[in-house]
Amino acid sequence: MTARVRRPKGRSLEPVAGNGLINRRALLGRGAIFAGALGMGVESTMASAAAEPLTDDPWSLEPGAIVPSYQLPSRFEKNVVRTLSNPKGEPRTSHARTPHHLLAGTITPNGLHFTIVHAGIPDIEPEQHRLVIHGLVKRPLVFTLETIERYPMTSRISFLECGGNSAPMFSNEPIQASVQALHGLVSCAEWTGVRLSILLEEAGIEPTAKWLIAEGADAPALSRSVPLKKGLDDAMIAIYQNGERLMPGNGYPMRLLLPGYEGNMNVKYLRRLKLTDQPAMSYYETRTYSPILPNEKAYRFYFLQEVKSFITHPSFGQKLTEPSLYEISGVAYSGTGRISKVMVSADGGKSWAQAALQAPVLSKAFTRFRMPWRWDGGPAILQSRAWDEAGNVQPTRAQIVAERGETKTVPNVLGFPSQHFNGVTSWSVERNGEVKHVYA
Amino acid sequence: MSTPKIVAVAVAISLLGSAFGQSTARAEGPNLGKPINHADVAAWDISILPDGTGLPSGSGTAADGAKIYAEKCSACHGDNGKGGINGSVVGGGPLDRIEAVKTIANFWGYPTTLFDFIRRAMPWPEPRTLANEEVYALVAYIFAQNKLIGENDVMNAQTLPKVKMPNRAGFIIRFPDQI
């Protein structure tokens with residue numbers, strides 16, 4: 001073992017902030033140090049009784065199941081699912097939220113990627129689908145999926161977040177709900193498709209064009225205005241999601257991907273792009289995603305999903321079984337670039353320590369952060385706070401409330417009292433190990 | 001898929017480039033889109049801009065709109081535009097709290113948004129089945145019920161964009177540098 005040599009005695013588990021936070025270097029690919037230190041007299045409740053003798057289980061003593069053509073998770077993982085706001089398909093919007101507390105890493109599996117549809121999921125025949133680019137262009141053009149597929153492709157990992165994600169955090173009292181209920185309308189995937197700029201340039205952009213109005217082939221023909229500047233920057237016509245075709249709930253057979261911009265603008269089932277000299281002032285941009293401010297004005301064209309993080313482990317609904325070493329972990333992301341730093345607190349923000357960032361740290365993508373923590377069995381309030389490479393800092397909840405207000409009464413957890421909350425989330429670890437949602 | 005396909009595309013592009021020089025004047029790309037004329041886009045070209053661009057011919061009044069509303073809209077938006085499982089289209093309180101209910105009368109900045117949204121998305125079970133005259137009539141009915149226009153005012157491509165919305169000046173562009 002070389003671990004001993006690398007570890008300056010007594011440093012790897014050095015406290016770096018209050019209430020048990022431990023230097024993140026203890027995690028940086030040096031599990032041996034972590035384990036070794038545990039055995040070296042740091043207080044630990046590792047079971048002192050010897051383990052049971054090992055035996056063969058029934059599934060080890062017979063051939064297993066037939067291999068399926070499309071595999072699904074183990075039946076023991078059946079609780080790892082999205083939560084549905086409209087399971088009976090009533091005439092209103094449907095939301096399906098990602099169970100962040102049951103996932104690890106940074107890529108959201110396709111079956112668990114969040115979905116919002118405003119009038120059901122269309123059953124689009126890919127051969128019949130068309131994408132038209134028109135308006136202020138020299139040559140209006142129509143593309144089939146087959147022609148789009150023949151363009152040079154590009155891939156990028158990008159988070160996608162509903163502008164209304166985390167809306168329950170605007171509640172005047174902390175709603176006791178899981179990270180899935182509070183923050184489940186954000187996910188992260190690898191998207192593959194064609195750069196929009198290639199198609200726009202083929203159509204020939206008129207100099208007067210400043211906006212593109214994107215429209216879907218779904219029942220409400222969902223429509224959003226996007227600055228042409230964004231369309232020429234990093235926009236993509238995405239047709240693959242984590243290597244396979246887009247899920248129907250995520251835009252099959254093609255969607256607009258605008259990395260870092262609010263989810264609703266990433267128009268699914270994309271069928272039309274009209275270049276114009278002005279925005280359409282569509283329903284979703286001038287009503288739904290225009291949050292009311294305390295001065296009775298409202299923000300319009302918010303667009304950016306600002307720098308944000310939340311702890312997924314431990315989080316509401318989980319229970320710490322005993323005082324011991326734990327890993328605090330969560331996701332951080334910013335619509336303006338890479339995450340540069342995540343700070344974690346275990347004492348409600350009195351002291352902070354820098355978390356380890358799991359590579360790769362990609363622009364406009366989930367970054368997993370990790371922080372070793374020794375829970376001594378006493379009360380603790382866990383928080384994370386992210387910085388991005390542009391210098392933007394995730395605000396505290398108090399800072400958001402000061403600028404953006406909070407509700408006067410506790411809203412329904414499925415409701416959207418406002419939009420674009422990117423403040424700090426606080427989890428309180430109680431003496432019995434249960435995790436509650438608090439404002440701190 | 002298809003490293004070979006991408007390579008083939010790239011080779012094809014470079015061959016085209018050398019064969020035709022700059023004379024094609026097209027941006028670099030496979031150029032696989034089919035040209036389409038404006039008339040053939042028309043059935044999909046339903047965007048209405050705030051200056052009225054895109055509004056079709058035709059017109060409607062509140063009296064006509066009331067009948068259509070009762071038949072096709074009231075189940076979700078309530079009798080006379082109030083109540084209903086999917087929110088009122090008439091009335092609205094002050095924007096005195098962040099969670100205030102946003103309504104046409106207290107929040108929407110542009111009258112054109114109403115025509116655009118009704119025509120593209122309503123009625124919920126059968127969108128894009130209303131005739132343009134029906135949409136104008138519904139817009140007239142809803143604006144009249146909200147007292148934004150008179151009972152007998154006619155809505156058409158000329159009059160609709162001129163309807164004054166109370167909250168027109170109520171918005172702040174969040175990130176001007178993104179536009």
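Predicted, not measured: the structure shown is a model, and the values here were computed from it. All values below were derived from every heavy atom in this structure, side-chain atoms included, with hydrogens, water molecules and symmetry-related copies excluded. The sequence lines fix the lettering, A, B, ..., with proteins before strands; numbering per chain opens at 1.
With chain B as partner, the option from A:Pro91, A:Gly405, A:Ser418 having the largest number of non-hydrogen pairs under 4.5 angstrom is A:Pro91. Interface summary for chain B: among A:Pro279, A:Ala167, A:Pro417, the most heavy-atom pairs under 4.5 angstrom belong to A:Pro417. Contact tally against chain B (heavy-atom pairs below 4.5 Å) for A:His420, A:Arg130, A:Arg271, A:Gln278: the top residue is A:Arg271. Contacts with chain B were tallied for A:Ala203, A:Pro227, A:Gly135; A:Pro227 has the most, counting heavy-atom pairs under 4.5 Å. Contact tally against chain A (heavy-atom pairs below 4.5 Å) for B:Asn37, B:Ile173, B:Ile36, B:Asn167: the top residue is B:Ile36.
For the atom pair B:Asn31 CG and A:Glu201 CD, the distance stands at 11.0 Å (nearest 0.5 Å). Here the CG-CG distance, from A:Asn295 to B:Asp96, works out to 12.5 Å after rounding to the nearest 0.5 Å. In this structure, CG in A:Leu141 is found 10.0 Å from CG in B:Leu32, a value given to the nearest 0.5 Å. With rounding to the nearest 0.5 angstrom, the SG atom of B:Cys76 is 11.5 Å from the CZ atom of A:Arg92.
The minimum heavy-atom distance between B:Glu99 and A:Glu406, with the atom names listed, is OE1-O, 4.3 Å. The shortest heavy-atom contact between A:Ser290 and B:Phe171 is CB-CE2, 4.0 Å. Across every non-hydrogen atom of A:Val132 and B:Trp44, the tightest pair is CG1-CE3, 3.8 Å. Looking at every heavy atom in both residues, A:Glu202 comes nearest to B:Pro30 through OE2-N, 3.1 Å. Summarising the geometry of A:Ala280 relative to B:Pro50, their closest heavy-atom pair is O-CD, 3.7 Å, with the distance given to 0.1 Å. Across every non-hydrogen atom of B:Leu95 and A:Glu296, the tightest pair is O-CG, 3.0 Å.
In this structure, no portion of B:Thr103 lies under 4.5 Å from any heavy atom of chain A. With a 4.5 Å cut-off on non-hydrogen atoms, B:Leu114 does not touch chain A at all. For A:Phe416, no part lies near chain B; criterion is any non-hydrogen pair under 4.5 Å. For a residue to count as touching a neighbouring chain, one of its non-hydrogen atoms must lie under 4.5 Å from one of that chain's; by this rule B:Asp51 touches chain A with backbone and side chain alike. Residue contact with chain B, scored on non-hydrogen atoms closer than 4.5 Å, involves the backbone of A:Pro291 exclusively. With a 4.5 Å cut-off on non-hydrogen atoms, A:His118 touches chain B through its backbone but not through its side chain. Looking at A:Asp233, neither its backbone nor its side chain comes within 4.5 Å of chain B, counting heavy atoms on both sides. With a threshold of 4.5 angstrom between heavy atoms, A:Thr276 approaches chain B through side-chain atoms but not through N, CA, C or O. In this structure, no portion of A:Lys230 lies under 4.5 Å from any heavy atom of chain B. For a residue to count as touching a neighbouring chain, one of its non-hydrogen atoms must lie under 4.5 Å from one of that chain's; by this rule A:Glu285 does not touch chain B. For a residue to count as touching a neighbouring chain, one of its non-hydrogen atoms must lie under 4.5 Å from one of that chain's; by this rule B:Asp45 touches chain A with backbone and side chain alike. If you measure heavy-atom distances from A:Glu90 to chain B, the contacts under 4.5 Å come from the backbone alone. Proximity to chain B is limited to the backbone of A:Arg404, based on heavy atoms less than 4.5 angstrom apart. The contact between B:Asn86 and chain A is made entirely by side chain atoms (from C-beta outward), counting heavy-atom distances below 4.5 Å. Contacts between A:Pro411 and chain B at a heavy-atom distance below 4.5 Å are absent for every atom of the residue.
Between the side chain of A:Lys408 and the backbone N or O of B:Arg97, no donor-acceptor pair lies under 3.5 Å. The backbone N or O of A:Met281 lies less than 3.5 Å from a partner atom in the side chain of B:Thr113, making a donor-acceptor pair. No donor-acceptor pair closer than 3.5 Å links the side chain of A:Lys297 to the backbone N or O of B:Gly170.
A salt bridge is defined here as a Lys NZ or Arg NE, NH1 or NH2 lying under 4.0 Å from an Asp or Glu carboxylate O, and B:Arg174 with A:Glu306 meets this definition.
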* To do: Might you work through the side chain to side chain contact (heavy atoms under 4.5 Å, CB included) test for A:Leu293 and B:Ile98, ending with a clear yes or no?
  => CA-CA 6 Å; A:Leu293 302 169; B:Ile98 63 166; over 6 Å; no

* **Step-by-step side chain to side chain contact (heavy atoms under 4.5 Å, CB included) determination, A:Trp211 to B:Ile179** => CA-CA 8 Å; A:Trp211 292 82; B:Ile179 296 171; 3.4 Å; yes

* Please step through side chain to side chain contact (heavy atoms under 4.5 Å, CB included) for the pair B:Lys102 and A:Ile292, ending with a clear verdict. => CA-CA 9 Å; B:Lys102 300 169 183 170; A:Ile292 299 170; 3.9 Å; yes

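No side-chain heavy atom of B:Lys34 sits less than 4.5 Å from a side-chain heavy atom of A:Thr147. A:Tyr299 has its side chain out of reach of B:Phe175: every pair of non-hydrogen atoms, C-beta onward, lies at least 4.5 Å apart.
Side chains of B:Arg120 and A:Ser282: a donor-acceptor N/O pair is absent below 3.5 angstrom, by distance only.
For the side chain to side chain contact (heavy atoms under 4.5 Å, CB included) criterion with B:Gln178, the lone passing option out of A:Phe303, A:Tyr302, A:Phe301 is A:Phe303.
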